[in-house]
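Structure first, then comments.
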Amino acid sequence: MNFTEEQIERYSRHIILPEVGGIGQQKLLDAKVFCLGAGGLGSPALMYLAAAGVGTLGVADGDVVDMSNLQRQIIHNMDTIGVAKVESARRTIENMNPDIRVNIYNKRLTVDNIQEIIREYDIILDGSDNFPTRFLMNDACFFEKKTLISGSMFRFDGQVTTFKSQDGLPCYRCLYPEPPPEGMVPSCQEAGVLGALPGVVGVLQATEAIKEILGIGDSLAGYLMIYDALSMSFKKVKVRKDPECPICSENATIKELSMYEERVCAL
Amino acid sequence: MAVSVRIPTPLRKFTDGKGEVEASGNTVTEVVDNLEANFPGIKEKLCDESGKLRKFLNIYLNDEDIRFMDSLDTELRDGDSLALIPAIAGGRF
């Protein structure tokens, strides 16, 4: 370990924790985490990972910052409205912690680019906002044998879990085999999200990632954490490996990546 | 059997905004039918035309997914807690 004086001061609250220490801090600095999305979930997740000293952060997003994002996407600000979200995220991270190397991917992830992009990272966070991307990321993580920390939200509800299909544990399709068909999901007019909700969900994802890197505590793998902001309650339920899972079971039918069609809702 | 059922945000339009409702039934199927009687329209969100559970929504009995028990035939005891948990994905679909 070769910490600078500044690093010893910056990470002192980690270094004095017996469960982290200098060795753990070095693990964090050596770790590579990829975050899909620099939106509601990616904002707090990336900021806490950067603050904690996770040395390499990758972030993919094809959108630009819009005024309507600022109600919850705290990595962006008034000065970056109109700027690519990944560029805006990089500026915030670099202002927070110069130790962090930020790789930005100013694009949507597709069947053609996702495996190559996630291959160089240790842990993947999903903070995407649509089902086709969520299933694509699950399938890509299965084929690339990557740990996937999944966060999702809708209105006042949040869900967080960790998938480690490479260790024989369940994947996203074990939990939800297929995305909802058209007409079975609430319309965009019914959507919306409470501003502080993604903070809770994204920070839980960051916490899982940091524990995973340090090798401490209990993983959410095999469990789903459900957060209900209105009743202010958490519920943890079991996630079982589905013996009929279309991708990770012995009876798998999915042998290569494909992507569900994304439905764009007209507002 | 009297059980409690947790209703997720997207389905609360059927329950007058209530996040938890009481229902009765000896099996999950009977509880679903009882919910439909009290909150018309909700069953279609849980089950497909053939009556099978939809693939993007799970029903938990306490902390266990009923797909890994006896699915909709799972028997219930007085005071059990059911939770309806749909896949959610953020603002876009």
Would you find more than 12 non-hydrogen atoms of other residues, nucleotides or ligands less than 6.0 Å from [X] atom [atom1]?
X	atom1	value
N251(A)	CG	yes
E75(B)	CD	no
Y223(A)	OH	no

If I measure from the heavy atoms of chain B, does [X] come under 4.5 Å with its side chain, its backbone, both, or neither?
X	result
R134(A)	side chain
S231(A)	neither
Y172(A)	side chain

- Item | Under 4.5 Å from any heavy atom of chain A - which part of I85(B) | both
- Query: Given D228(A) and E20(B), is the side chain to side chain contact (heavy atoms under 4.5 Å, CB included) satisfied, shown in steps?
  - Reply: CA-CA 11 Å; D228(A) 179 338; E20(B) 188 169 303; over 6 Å; no
- Report the residue from I88(B), N58(B), L57(B) that forms a side chain to side chain contact (heavy atoms under 4.5 Å, CB included) with Y176(A).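 Of the listed residues I88(B), N58(B), L57(B), the side chain to side chain contact (heavy atoms under 4.5 Å, CB included) partner of Y176(A) is N58(B).
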Quick one: closest heavy-atom pair of [X] and [Y], and the distance?
X	Y	value
R67(B)	L175(A)	NH2-O, 3.2 Å
P180(A)	F56(B)	CA-CD2, 3.4 Å
F68(B)	K241(A)	CE2-O, 3.8 Å
K238(A)	Y60(B)	O-CE2, 3.3 Å
K235(A)	A83(B)	CE-CB, 3.8 Å
P86(B)	Q159(A)	O-NE2, 2.8 Å

- Are E178(A) and R54(B) close enough for a salt bridge, meaning some N to O gap below 4.0 Å? no
- If you round to the nearest 0.5 Å, how far is CG of D242(A) from NZ of K55(B)?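 CG of D242(A) is found 8.5 Å from NZ of K55(B).
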- Message: Let me confirm one number: the CD1-CG distance from I226(A) to D63(B), rounded to the nearest 0.5 Å.
- Response: 10.0 Å
